[in-house]
Chemist: 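To start, I am sharing the structure in question, which I have written as structure tokens.
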Amino acid sequence: NTFQTSEEGIGLGEDAVLADDEGVSGMFDDNTWNLEDGYAVKEYRQDGDVYVAEGGSIQSAIEVAGVKNSDNVYVTEESTLVKAGQGTYDEQVEISDKALTVEGNGESSTTITDTVTVDPGSDSDVTISSVKISTSGDGVNSIVQETGDLTVEESSLEVDADTPGA
């Protein structure tokens, strides 16, 4: 199947049942996603996990990660995941007021080409895993941490600063 969207490819509501044991991850891997921003799959049934494929937006996925509370605000738990498939994501990523994990498909196949800013709040944790963050320019940082706890694992950071006179 091929899904073409600029917002949400598939949203799994509380009564959705998947036929195989692979779950949402298997459904994400077994389909083709032609995304213009947006994200591929949102898991509304339990934990609010969001899956995004190349052409989609990690930032859009972060904004809807978690489960809506009675005030229609997305609330994340430590287990909330934003899973980015292989590809290059040319965007700034900002994680604020949420505890979540942004997990790529391996630092050799998932790249974010701009700054990642982390400000989850003083009591929240953020994990960035299995991605390469590659930035360039004077005064540019790969990751800016403002509050909370940040864990970076199985990832690489690459800053290519402009050289004066070059």
Side-chain angles (χ1 to χ4, degrees), residues 7-9 12 22-29 33 35-44 46-69 73-164 166:
E7 219 168 293
E8 178 178 79
L12 297 171
E22 294 182 23
V24 176
S25 180
M27 182 174 56
F28 176 71
D29 292 338
W33 306 95
L35 302 175
E36 294 178 25
D37 293 326
Y39 50 92
V41 181
K42 168 91 166 59
E43 169 67 273
Y44 290 96
Q46 303 159 8
D47 47 25
D49 293 351
V50 185
Y51 295 75
V52 62
E54 185 171 26
S57 168
I58 294 172
Q59 186 62 46
S60 291
I62 288 169
E63 289 170 7
V64 299
V67 180
K68 277 188 179 181
N69 66 15
V73 174
Y74 288 98
V75 179
T76 60
E77 302 296 329
E78 289 183 39
S79 62
T80 301
L81 171 73
V82 172
K83 174 71 174 170
Q86 68 182 29
T88 299
Y89 299 86
D90 296 317
E91 63 181 321
Q92 284 187 324
V93 174
E94 183 175 324
I95 303 165
S96 59
D97 301 322
K98 291 187 178 194
L100 55 81
T101 296
V102 175
E103 179 181 297
N105 201 42
E107 66 178 284
S108 63
S109 64
T110 303
T111 302
I112 299 170
T113 61
D114 211 326
T115 302
V116 175
T117 301
V118 178
D119 186 11
S122 59
D123 294 330
S124 299
D125 298 333
V126 168
T127 299
I128 298 173
S129 175
S130 302
V131 299
K132 178 168 88 174
I133 302 171
S134 179
T135 58
S136 62
D138 286 337
V140 173
N141 296 305
S142 294
I143 297 179
V144 176
Q145 179 183 3
E146 296 181 2
T147 63
D149 291 327
L150 170 64
T151 302
V152 179
E153 56 192 22
E154 299 176 21
S155 297
S156 63
L157 307 176
E158 181 179 280
V159 177
D160 183 13
D162 295 333
T163 305

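Each residue takes its place number in the sequence, starting with 1.
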Chemist: Checking Ser134 against Glu158: is there a side-chain donor and acceptor pair closer than 3.5 Å?
Modeler: yes
Chemist: Could you check if a side-chain atom of Ile143 sits within less than 4.5 angstrom of a side-chain atom of Ile128, using non-hydrogen atoms only?
Modeler: yes
Chemist: What are the two closest heavy atoms between Thr135 and Asp114, and how far apart are they?
Modeler: CG2-C, 3.4 Å
Chemist: Answer whether the closest heavy-atom distance between the side chains of Val102 and Ile62 falls below 4.5 Å.
Modeler: yes
Chemist: Going by side-chain hydrogen bond (donor to acceptor under 3.5 Å, both in side chains), name the residues that satisfy it together with Ser57, two or more places apart in sequence or in a different chain.
Modeler: Ser60, Glu91
Chemist: Quick one: list whatever passes salt bridge (Lys or Arg N to Asp or Glu O under 4.0 Å) with Glu103, sequence neighbours left out.
Modeler: Lys83
Chemist: Nearest heavy-atom pair of Ser130 and Ser155: which atoms, and what distance?
Modeler: N-OG, 3.0 Å
Chemist: With Ile133, which of Val152, Val116, Thr113 fulfils side chain to side chain contact (heavy atoms under 4.5 Å, CB included)?
Modeler: Val116
Chemist: What is the distance from atom OG1 of Thr101 to atom NZ of Lys98, rounded to the nearest 0.5 Å?
Modeler: 13.0 Å
Chemist: Assess the residue pair Val118 and Val144 against the criterion (side chain to side chain contact (heavy atoms under 4.5 Å, CB included)); give the C-alpha distance rounded to whole Å, side-chain angles, the decisive distance to 0.1 Å, and a yes or no.
Modeler: CA-CA 6 Å; Val118 178; Val144 176; over 6 Å; no
Chemist: Side-chain contact, heavy-atom cut-off 4.5 Å: Val64 with Val50?
Modeler: yes
Chemist: Using a 3.5 Å distance criterion without hydrogens, assess whether the side chain of Tyr51 forms a donor-acceptor pair with backbone atoms of Val82.
Modeler: no
Chemist: Using a 4.5 Å cut-off on heavy atoms from C-beta on, say whether the side chain of Glu107 contacts that of Val131.
Modeler: no
Chemist: Under the rule for side-chain hydrogen bond (donor to acceptor under 3.5 Å, both in side chains), what residues qualify as partners of Thr88, not counting sequence neighbours?
Modeler: none
Chemist: Using the side chain to side chain contact (heavy atoms under 4.5 Å, CB included) definition, which of the options Ile112, Thr111, Leu157 pairs with Lys132?
Modeler: Thr111
Chemist: Give a yes or no on whether the backbone of Leu81 and the side-chain of Asp49 come within a donor-acceptor separation of less than 3.5 Å.
Modeler: yes
Chemist: Locate the shortest heavy-atom distance separating Gly85 from Thr110; write the atom from each residue and the value.
Modeler: O-OG1, 3.3 Å
Chemist: Answer yes or no: is there a donor N or O on one side and an acceptor on the other, between the side chain of Glu54 and the main chain of Tyr89, under 3.5 Å?
Modeler: no
Chemist: Using modelled atom types only, decide if a donor and an acceptor are shared between the side chain of Ser109 and the backbone of Gln86 within a distance under 3.5 Å.
Modeler: no
Chemist: Would a 4.5 Å heavy-atom cut-off, applied to side chains only, mark Leu100 and Ile95 as touching?
Modeler: yes
Chemist: Mind checking whether Glu153 and Thr127 have side chains closer than 4.5 Å, heavy atoms only?
Modeler: yes
Chemist: Is it the case that Thr147 and Asp119 place a side-chain donor and acceptor less than 3.5 Å from each other?
Modeler: yes
